[in-house]
Engineer: 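Sharing a structure here in C-alpha cells format.
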Amino acid sequence: MTAGNDFDPGEDPREDLGANDLDVDAPEAEPKLFSALLTPHRSLNRTGFIVLMSFVTVVSFIAGVVFWWLGAWPIFGFFGLDVLVIYWAFKVNFRSAKASEEITVTPSELRVRRISHRGHVVEWVLNPLWVRFEQISHEEFGIERLYLVSRGRRVSVGSFLGPDEKASFSKALTAALNTAKRGPTYNPIT
C-alpha cells in the first residue's frame with residue numbers, strides 16, 4: 001500500500017478519537033467512524049526519476065555521438081527527441097498523481113470528496129443508513145470496481161487502487177457503514 005492509503009480493517013474506528021477527529025463545522029460535532037485518503041500509487045519517486053532520466057540522457061547521448069561519428073548525424077537528434085518524449089511522459093504521469101479521494105463516515109453522513117489532478121473538486125454527501133456498498137469482482141483478478149449506491153446514484157470509489165488494496169478498503173468501509181447503521185451506543189460511564 002502507498003503511504004496515503006492507510007486503513008486497517010482490524011482497527012476499531014471508535015478507538016483513539018481525539019479532538020482532531022471531530023468535525024468542527026458540524027452542528028453536533030460528530031466523531032468520524034472512518035476516514036481514508038486514497039491516492040494513486042507511484043513507484044518512482046523524485047530521486048528515482050532524476051536517476052532514470054540521467055541514465056537515459058547519458059545512454060542516448062553516447063549512442064547519438066556514435067551514430068554521428070559513423071556519419072549518420074540525423075540520428076543524434078532523434079535520440080534527443082526520445083529523451084524529451086520520455087521526460088514529458090513522466091511529467092504527465094506525475095501530474096496525474098495529484099488526484100485523490102477522501103472518504104469520511106460519521107453516524108449521520110458519508111462524504112466522498114474527489115479531487116482531480118487539475119484541482120477540480122467534486123463532493124457527494126450520502127446518508128450512511130441508505131447507502132449500499134457494491135463490489136464487482138472477477139475470478140482471476142479480484143475486486144475490479146467499488147460503488148456506493150444511494151437513491152439511484154452510483155458513485156465509484158477507489159478506482160485507482162489495486163485489487164488487494166480494494167479488498168482491504170472494502171472491508172474497512174463496510175465495517176464503518178455497519179457501525180453507522182447500528183447507530184449510537186449508550187455508554188453510562190461517559
Engineer: How many angstroms lie between CD in Glu102 and OG in Ser35, if you round to the nearest 0.5 Å?
Structural biologist: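 So the gap between those two atoms works out to 5.5 Å.
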Engineer: With rounding to the nearest 0.5 angstrom, report the CG to CZ distance, Leu173 to Phe133.
Structural biologist: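 Reported to 0.5 Å precision, the distance equals 5.0 Å.
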Engineer: How far apart are the C-alpha atoms of Phe169 and Val157, what are their side-chain angles, what is the distance that settles it, and do they pass the side-chain contact (heavy atoms from CB on, under 4.5 Å) test?
Structural biologist: CA-CA 10 Å; Phe169 174 72; Val157 292; 4.0 Å; yes
Engineer: Please say yes or no: joined through hydrophobic side-chain contacts below 4.5 Å, possibly via intermediate residues, are Trp130 and Tyr147 part of one cluster?
Structural biologist: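 Not linked; separate clusters.
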Engineer: Rounded to the nearest 0.5 Å, what separation is found between the OG1 atom of Thr47 and the CG atom of Leu52?
Structural biologist: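 Going from OG1 on Thr47 over to CG on Leu52, the span is 12.5 Å.
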Engineer: Looking at Leu177, Val125, Asn127, which one forms a side chain to side chain contact (heavy atoms under 4.5 Å, CB included) with Leu110?
Structural biologist: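 When side chain to side chain contact (heavy atoms under 4.5 Å, CB included) is applied between Leu110 and each of Leu177, Val125, Asn127, only Leu177 qualifies.
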Engineer: Salt bridge (Lys or Arg N to Asp or Glu O under 4.0 Å) for Arg154 and Glu134? Distances and angles first, verdict last.
Structural biologist: CA-CA 9 Å; Arg154 194 175 195 191; Glu134 288 184 358; 3.0 Å; yes
Engineer: So does Asn93 get a backbone contact from the side chain of Ser96, meaning a donor-acceptor N/O pair under 3.5 Å?
Structural biologist: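 Yes; judged by distance alone, with no hydrogens or angles, the pair exists.
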Engineer: Determine, stepwise, if the pair Arg153 / Leu126 fulfils side-chain contact (heavy atoms from CB on, under 4.5 Å).
Structural biologist: CA-CA 10 Å; Arg153 291 192 302 181; Leu126 308 168; 3.0 Å; yes
Engineer: Are Leu81 and Ile86 co-members of a hydrophobic cluster defined by side-chain heavy atoms under 4.5 Å apart?
Structural biologist: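 Per the 4.5 Å side-chain linkage, Ile86 and Leu81 are not co-clustered.
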Engineer: Applying the 4.5 Å side-chain criterion to the ILVMFWY set and letting contacts propagate, would Val155 and Ile143 be lumped into a single cluster?
Structural biologist: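 Shared cluster, yes.
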Engineer: When you check the side-chain N and O atoms of Arg182 and Thr179, is any donor under 3.5 Å from an acceptor?
Structural biologist: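 Looking only at side-chain atoms, Thr179 and Arg182 do form a donor-acceptor pair, the distance falling under 3.5 Å.
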Engineer: Answer with yes or no whether the hydrophobic clustering places Ile103 together with Val122; edges join I, L, V, M, F, W, Y residues whose side-chain heavy atoms lie under 4.5 Å apart.
Structural biologist: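 Same cluster.
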Engineer: Hey, any chance Phe94 and Met53 share a hydrophobic cluster, counting ILVMFWY side chains that come within less than 4.5 Å of each other, even indirectly?
Structural biologist: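 Yes, Phe94 connects to Met53 through the hydrophobic network.
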Engineer: Donor-acceptor pair, Glu109 side chain versus Thr106 backbone, under 3.5 Å?
Structural biologist: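 Not confirmed, Glu109 side chain does not pair with Thr106 backbone.
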Engineer: Give a yes or no on whether the ring-centroid distance for Phe90 and Phe49 is below 6.0 angstrom.
Structural biologist: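 Yes - the distance between ring centres of Phe90 and Phe49 falls below the 6.0 Å cut-off.
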Engineer: By the definition ring pair (Phe, Tyr, Trp, His ring centres under 6.0 Å), identify the one residue from Phe78, Phe79, Phe76 that meets it with Trp68.
Structural biologist: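 By the ring pair (Phe, Tyr, Trp, His ring centres under 6.0 Å) criterion, Trp68 pairs with just one of Phe78, Phe79, Phe76: Phe76.
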Engineer: Are any non-hydrogen side-chain atoms of Trp124 and Arg114 less than 4.5 angstrom apart?
Structural biologist: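 Trp124 reaches Arg114 side chain to side chain.
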Engineer: Just wondering, more than 12 heavy atoms not from Lys181 lying within 6.0 Å of its NZ?
Structural biologist: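 More than 12 heavy atoms, drawn from other residues, nucleotides or ligands, come within 6.0 Å of this atom.
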Engineer: Classify the side-chain pair Ser170/Gln135 by whether it contains a donor and acceptor separated by less than 3.5 Å.
Structural biologist: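 Judged by distance alone, the side chains do pair up.
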Engineer: Flag the pair Arg111 and Glu123 as a salt bridge only when some basic side-chain nitrogen lies within less than 4.0 angstrom of an acidic carboxylate oxygen.
Structural biologist: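 Salt bridge between Arg111 and Glu123, a charged N being under 4.0 Å from a carboxylate O: yes.
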Engineer: Could you walk me through whether Asp164 and Ser168 pass the side-chain contact (heavy atoms from CB on, under 4.5 Å) test, one step at a time?
Structural biologist: CA-CA 6 Å; Asp164 294 337; Ser168 175; over 6 Å; no
Engineer: Can you check whether Gly158's main-chain N or O pairs, donor with acceptor, with Glu101's side chain at less than 3.5 Å?
Structural biologist: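 Yes, the answer is positive, given that a donor and an acceptor are paired below the 3.5 Å cut-off.
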